[in-house]
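Scroll down for the structure; my scribbles are underneath it.
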Amino acid sequence: MTPNLILIFFLLHLSLFKFVPRAAAAGGQWALLQPNIGIVAMHMQLLSNDRVVIFDRTDFGLSNISLPNGKCRIDKTDTALKTDCSAHSIEYDVASNTIRPLTVLTDVWCSSGAVLPDGRLLQTGGFNDGDHAVRIYRPCSDCDWDEIKSGLTQRRWYATNQILPDGRQIIIGGRRQFNYEFYPKTNSDSKAYNLRFLVETNDPKIENNLYPLVFLNVDGNLFIFANNRAILFDYTKDVVVRNYPKLPDQNPRSYPSTGSGVLLPLKSFQGGKIGAEVLVCGGAPKGSHISAMNGKFVGALNTCGRIKITDPKPVWIMETMPLARVMGDMVLLPNGNVLIINGGATGTAGWEFGRDPVLKPVVYWPDNSIGSRFEIQNPSTIPRMYHSTAVLLRDGRVLIGGSNPHMYYNFTGVFSPTELRLEAFFAVVFKFGIQ
Ligand SMILES: *[C@@H]1O[C@H](CO)[C@@H](O)[C@H](O)[C@H]1NC(C)=O
Ligand SMILES: *[C@@H]1O[C@H](CO)[C@@H](O)[C@H](O)[C@H]1NC(C)=O
């Protein structure tokens, strides 16, 4: 072939590979993308330039990738290393399957964020010197983190961010924070507002309401789920508009009994009104975290609750998953299905408190009739426990990374070693793909 033909052939081949998951058998297909990305993919976010920004925590000790240009981070407050020349954030370029180290200075561990309308990621809070930080990551081929060390009014560790229609973010909760605030700040609105719901759902012994699930409802209010129940909240007036019923079994679904949830694709219900439904799956029964601390790993929840949040008399409809799961991730697929992936079958989130990795993802078909909605997928070979993530890519694949239930990077002599491999999973998204 002439060089041009080779190029055309190559591009054709590449585009087929990219946009049509060839030979994606029913039950999905796995691919190892990178044997070692240098850090734990504790947090991942896809950006508009088709790159994924990935980060873990600055006090994990040495990572397996150096900071760019021989830089070092000198941090007197770091709990692991005062001088650290390794990186704790990278950028993954999906198209070229390459990585580049980034410089994050403040501790992003268990921080939270959301993408702004202009495409920048705004990531707030974290641990230690990062608990009041606001960090901005702009998508471009040689950008790096920008950090504002005391951008927040309160410390935010395990909080949740939601982008609002006016482009601001609301930042809700976090450990020992029973309040919320907005970012960016304005002169007239820079304070934190108390939120009783976070007090009411807090179990003082284990703080079972962290990382609340937050979704913007079609009526402009926020659906906020924590522990085993939810409210509808008007953030413009600081009032709870509605209390949803508790989940029938009353078991917690928030960290450390970590379940997960999605806002299902919107659709019109009877009368042509747009309705919204939320699906919350997995978690760990009440008492599991204390049991796990005492070395007893209780079976995770195998239920999902689905609720029509726009209904005047909403009720939770419970469904049974084929596999129990704690610390699962839920990802909306391009065809409206929900992928339930990662996590374990016993124990809880938190340091070394999870066991029995669940290697098989499950696809949920929201429009099938109850009883025929779950479809077990082919397994991975890599456990993805505490501190693992999954994110949808532009071509329909799901990027999977992370897992490290330890205080440092520990590769040998531990249960569930630190995991630096990056994988992709594709469910059967394109029914009529070219084979
Ligand atoms: C990363 O790990 C590899 C394999 O163990 C090792 O050879 C390499 O030196 C490490 N790199 C850094 C920057 O830690
Ligand atoms: C984990 O790694 C840290 C830091 O390298 C080390 O001090 C610790 O002993 C390791 N733990 C185990 C169980 O190997």
Side-chain angles (χ1 to χ4, degrees), residues 31-44 51-93 96-110 126-130 137 142-145 256 289 292-297 327 344 346-357 380-389 399-424:
L32 181 66
L33 298 177
Q34 287 283 342
N36 182 346
I37 58 166
I39 67 164
V40 175
M42 190 192 292
H43 299 271
M44 296 205 284
R51 292 165 191 233
V52 180
V53 59
I54 305 178
F55 42 105
D56 57 16
R57 54 185 286 220
T58 53
D59 50 4
F60 247 151
L62 282 180
S63 78
N64 193 243
I65 184 168
S66 298
L67 278 168
N69 314 319
K71 276 192 287 190
C72 293
R73 189 176 53 86
I74 296 159
D75 183 352
K76 285 199 292 291
T77 65
D78 194 291
T79 53
L81 278 178
K82 311 287 176 214
T83 302
D84 187 353
C85 308
S86 69
H88 293 282
S89 177
I90 63 160
E91 185 191 72
Y92 174 69
D93 182 347
S96 65
N97 189 26
T98 54
I99 56 176
R100 138 180 115 83
L102 301 174
T103 318
V104 70
L105 298 176
T106 59
D107 198 352
V108 267
W109 177 28
C110 291
F127 182 62
N128 202 1
D129 65 346
Y137 187 78
D142 58 355
C143 287
D144 210 330
W145 289 97
H289 193 56
M293 284 176 176
N294 293 322
K296 190 167 172 281
F297 303 97
M327 293 180 282
T346 61
T348 66
W351 300 126
E352 299 168 17
F353 297 140
R355 289 291 183 278
D356 303 302
S380 172
T381 55
I382 305 176
R384 302 289 182 177
M385 303 295 280
Y386 188 43
H387 293 152
S388 60
T389 40
L399 192 65
I400 321 286
S403 195
N404 188 16
H406 313 291
M407 295 263 244
Y408 302 97
Y409 281 37
N410 290 104
F411 300 104
T412 51
V414 287
F415 167 77
S416 205
T418 304
E419 184 52 69
L420 305 180
R421 285 174 286 182
L422 193 66
E423 286 174 293

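Ligands are counted one by one from 1 in listed order, and the atoms in each one are counted from 1 as well. The residues of the chain are indexed from 1 along the displayed sequence. In what follows, every heavy atom counts, from backbone to side chain, and hydrogens, waters and symmetry copies are set aside.
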Nearest heavy atom to atom 2 (O) of ligand 2 wins, so pick from Asn410, Thr418, Leu81.
Asn410
So is Ser66 polar-close to ligand 1, meaning N/O to N/O under 3.5 Å?
no
For a quick check under 3.5 Å, do Asn128 and Asp59 share a side-chain donor-acceptor pair by atom type?
no
Contact between Ile400 and Ser388 at the side-chain level, heavy atoms closer than 4.5 Å - yes or no?
no
Taking only heavy atoms of Tyr408, which atoms of ligand 2 are found under 4.0 Å from at least one of them?
2 (O), 3 (C), 4 (C)
Going by atom types only, do Tyr137 and Glu91 share a side-chain donor-acceptor pair under 3.5 Å?
yes
Closest non-hydrogen protein atom to atom 13 (C) of ligand 2, residue and atom name please, with distance?
Val414 CG1, 3.5 Å
If the cut-off is 4.0 Å to any non-hydrogen atom of Ser63, which atoms of ligand 1 fall inside it?
14 (O)
Do you know which of Thr83, Thr106, Asp78, Thr103 makes side chain to side chain donor-acceptor pair (under 3.5 Å) with Arg73?
Asp78
Using a 6.0 Å cut-off, check whether atom NZ of Lys296 has over 12 heavy atoms from anything other than its own residue.
no
Atom 1 (C) of ligand 1 has as its nearest protein heavy atom Asn64 ND2, 1.8 Å
Check Leu420, Ile39, Thr418 against Asn404 for a side chain to side chain contact (heavy atoms under 4.5 Å, CB included) and give me the one that passes.
Thr418
Does atom 9 (O) of ligand 2 have a protein non-hydrogen atom under 4.0 Å from it?
no
